[in-house]
K.L.:
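I'd like to ask some things about the structure below.
Sequence positions, counted from 1, serve as the residue numbers for this chain. All values below were derived from every heavy atom in this structure, side-chain atoms included, with hydrogens, water molecules and symmetry-related copies excluded.
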Amino acid sequence: PVDRHPDLKLSDKLADMLRPTNAKVSAADLFAAADEAHGGTRAEGKYGPSHAYDSLEYGFNKTLAGRTDPTAHLADAKIQASQLESRIDQLPTQTNRSGNKDAMQQFSTPPHYAFAAAWLANLSHGDTVLEPSAGTGCIALQAQNAGAKVYANELDPRRAAFLKDHLGEKNVFVENAEQIAGILPKKGMPAPTAVVMNPPFSQTAGRMGDKKELLTGAKHIKEAADLLAPGGRLVSIVGRGMTPDSKTYKEWFASMKDAGYHLRANVGVSGKVYKKYGTQFDSRVLIFDKGVSETPIDAMPSIDQDTEQGYTGETTDSLGRKYHWVDGKRVPGPTITADVDSVQELMAKLEGVRNDRPRADRQPSGEPVGGAVAHEPEGAEHLDDAAHAPDAGVPAPSDAGSGAAKLPGGTGGTGAGDAESAGGGHGGTVLPGLGDAASGPEGESGASVADAGAAPERADAGAAKGKN
């Protein structure tokens with residue numbers, strides 16, 4: 001549309017530039033395109049560098065619609081993460097900041113990290129997913145690629161406009177994520193079966209000015225967790241210091257346990273994963289479950305194991321997964337703790353937790369809800385790059401919205417199974433076109449994933465991380 005906001009015009013232009021495999025956009029390319037879209041330069045005050053970076057992130061997202069598969073088995077998922085990571089090297093490093101970038105901690109989640117977070121949530125067609133501080137939509141995009149119905153919340157109206165362009169007006173809220181538990185249900189948000197998030201680590205959305213509040217991220221998590229349906233899962237990227245042993249967070253972790261949220265994983269991640277996205281602060285991934293998964297018949301305690309009090313110990317199913325029992329009752333497995341250097345190592349470390357997700361009250365799988373579906377049907381031939389193009393049956397995010405999403409100052413245009421099997425996904429198929437098809441981490445080989453750059457999403461990656 002003629003009246004499409006300059007931020008969205010720029011994202012459209014950058015998406016076109018980034019769609020070819022191995023396409024590269026330099027800083028000079030980015031700001032030349034931004035000058036054209038905004039009708040002037042940064043020096044003239046037409047836009048700030050962070051505005052251009054946000055459009056770059058959303059443009060990158062547009063190229064990824066339907067082209068990653070967060071429901072894949074571990075080996076293929078690691079290949080996809082590696083391909084997404086390689087695409088980041090083709091983008092300019094976000095070295096300059098402006099606007100709300102620091103004030104609201106708007107550090108975007110790197111594409112491969114967002115993909116890993118969605119993979120760890122073990123999403124499927126029947127899931128309803130909430131991203132509470134969604135920024136430019138990277139995590140939301142990956143959840144959508146898994147076939148889930150996706151809702152997003154973003155306090156910054158300018159960034160929320162990207163989400164409305166992608167998800168449609170009705171699926172996007174513009175609220176303070178510290179208060180959403182009492183607000184979103186009244187606005188039509190159904191209880192999510194999964195939350196995947198990257199909240200501000202210590203910024204309070206202006207509530208306390210520039211003062212840092214270390215429990216900000218914890219408050220965001222609790223608000224989102226309280227929205228979860230029984231049996232739901234929450235995956236969150238947080239600051240490196242957020243552990244149960246910390247004096248700052250010890251009481252909060254205890255309160256989450258008392259409220260029925262089981263901490264399944266607490267894994268530190270090297271700041272190297274953020275090297276292109278404006279910070280190199282170490283982060284951490286937390287996984288909370290609201291309940292335990294169903295027990296397969298072959299994992300039930302045998303008659304020989306029963307005592308008067310009931311069985312206490314471990315059982316193992318035919319796929320080698322372990323189940324924990326106390327006095328005849330299933331209990332959550334132990335919390336997995338570790339430190340990793342890469343998202344591929346993170347995924348490998350938490351594969352068991354990923355596959356042992358509780359079964360929430362999901363919608364029946366079948367017709368995809370919430371947008372493009374990243375994967376092929378069982379037994380389908382690999383699709384070529386043309387088949388995955390946004391005009392060939394899998395809509396790009398900008399085509400998935402509902403009419404003209406408005407930005408401040410103008411108007412715009414507009415997985416898989418339940419993963420009870422150890423691998424999840426569908427037979428280890430990797431989608432074509434994402435990048436170098438030859439090899440993934442640790443020498444793995446497989447078909448290429450998909451034709452596009454990774455979807456950057458909000459990444460809280462600083463000591464006071466922020467919403468993307």
Side-chain angles (χ1 to χ4, degrees), residues 1 3-20 23-64 87-111 114 134-138 140-141 154-166 274-279 396-398 405-413 452-462 465-468:
D3 61 353
R4 193 160 170 80
H5 190 278
D7 285 347
L8 295 174
K9 287 182 182 178
L10 177 56
S11 67
D12 294 341
K13 171 71 172 178
L14 293 167
D16 289 340
M17 295 168 65
L18 287 166
R19 280 196 175 99
K24 183 175 183 177
V25 171
S26 67
D29 295 333
L30 170 62
F31 292 116
D35 290 349
E36 179 181 352
H38 287 274
T41 67
R42 287 174 289 167
E44 294 169 343
K46 295 292 185 178
Y47 66 95
S50 291
H51 295 168
Y53 291 138
D54 285 350
S55 291
L56 175 65
E57 293 163 13
Y58 181 49
F60 210 10
N61 290 353
K62 287 158 69 75
T63 70
L64 278 184
R87 291 303 301 269
I88 300 173
D89 291 335
Q90 308 305 309
L91 302 179
T93 301
Q94 298 191 20
T95 54
N96 299 311
R97 300 175 186 172
S98 62
N100 291 329
K101 175 71 80 173
D102 285 316
M104 298 180 74
Q105 296 180 339
Q106 293 174 336
F107 296 96
S108 294
T109 312
T136 56
C138 181
L141 181 280
E154 171 54 49
L155 183 60
D156 185 337
R158 189 182 61 80
R159 289 184 134 206
F162 289 118
L163 297 165
K164 292 176 181 179
D165 191 63
H166 173 70
Y274 273 101
K275 62 185 178 182
K276 296 289 285 186
Y277 277 72
T279 183
S398 60
K406 295 184 184 291
L407 278 131
T411 58
E457 158 67 343
R458 256 194 16 336
D460 315 334
K465 265 218 147 83
K467 1 185 285 172
N468 150 359

K.L.:
Regarding Lys62 and Asp12, does a basic nitrogen lie under 4.0 Å from an acidic carboxylate oxygen?
P.N.:
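Salt bridge between Lys62 and Asp12, a charged N being under 4.0 Å from a carboxylate O: yes.
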K.L.:
To the nearest 0.5 Å, how far apart are CD in Glu57 and CG in Leu91?
P.N.:
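Answer for the CD-CG pair, Glu57 versus Leu91, is 9.5 Å.
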K.L.:
Among all residues two or more places apart in sequence or in another chain, which pass the salt bridge (charged side-chain N to carboxylate O under 4.0 Å, His left out) test with Asp16?
P.N.:
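Asp16 satisfies salt bridge (charged side-chain N to carboxylate O under 4.0 Å, His left out) with Arg19 once adjacent residues are dropped.
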K.L.:
What's the separation between atom NE2 in His5 and atom OG in Ser55, rounded to the nearest 0.5 Å?
P.N.:
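Rounded to the nearest 0.5 Å, the NE2-OG separation comes to 9.0 Å.
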K.L.:
At their closest point, which heavy atom of Ser108 faces which heavy atom of Thr136, and how far apart are they?
P.N.:
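The pair with the smallest heavy-atom distance is OG-OG1, 4.2 Å.
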K.L.:
With rounding to the nearest 0.5 angstrom, report the CE to CG distance, Met17 to Leu56.
P.N.:
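It is 9.0 Å, given to the nearest 0.5 Å.
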K.L.:
Please answer whether the main-chain N or O of Ala33 pairs with a side-chain N or O of Glu36 as donor and acceptor at a distance below 3.5 Å.
P.N.:
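Between the backbone of Ala33 and the side chain of Glu36 there is no qualifying donor-acceptor contact (under 3.5 Å).
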K.L.:
Checking the side chain of Glu154 only, and the main-chain atoms of Asp156 only, is there a donor and an acceptor separated by less than 3.5 Å?
P.N.:
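Indeed, once roles are kept as given, a pair shorter than 3.5 Å links the two residues.
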K.L.:
State, to 0.1 Å, how close Ala34 and Ala52 come at their nearest heavy-atom pair, and which atoms those are.
P.N.:
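Closest heavy-atom pair between Ala34 and Ala52: CB-CB, 4.2 Å.
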K.L.:
Testing the basics here: between His38 and Lys46, what is the closest heavy-atom pair and its distance to 0.1 Å?
P.N.:
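Reported closest heavy-atom pair: ND1-O, 3.8 Å.
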K.L.:
Just verifying a value: how many Å separate Leu14 CG and Thr63 OG1, rounded to the nearest 0.5 Å?
P.N.:
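These two atoms lie 10.5 Å from each other.
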K.L.:
With a 3.5 Å distance limit and no angle check, can you tell me whether Asp29 reaches the backbone of Ser26 through a side-chain donor-acceptor pair?
P.N.:
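Present.
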K.L.:
May I ask you to test the Asn61-His166 pair for a side-chain heavy-atom distance under 4.5 Å?
P.N.:
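They are not in side-chain contact.
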K.L.:
Closest heavy-atom contact between Leu10 and Leu30?
P.N.:
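Closest approach of Leu10 to Leu30, heavy atoms only: CD1-O, 4.4 Å.
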K.L.:
Identify the heavy atoms of Phe31 and Pro49 that sit nearest to each other, and give their distance.
P.N.:
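Closest approach of Phe31 to Pro49: CE2-CA, 4.1 Å.
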K.L.:
Pair Asp7, Arg158 - check side-chain contact (heavy atoms from CB on, under 4.5 Å), show working.
P.N.:
CA-CA 9 Å; Asp7 285 347; Arg158 189 182 61 80; 3.4 Å; yes
K.L.:
Under the criterion side-chain contact (heavy atoms from CB on, under 4.5 Å), I'd like the reasoning laid out for Asp35 against Tyr47: C-alpha separation, chi angles, the key distance, then a yes or no.
P.N.:
CA-CA 8 Å; Asp35 290 349; Tyr47 66 95; 2.6 Å; yes
K.L.:
Nearest 0.5 angstrom please: Gln90 CD to Lys24 NZ, how far?
P.N.:
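So the CD of Gln90 and the NZ of Lys24 are separated by 6.0 Å.
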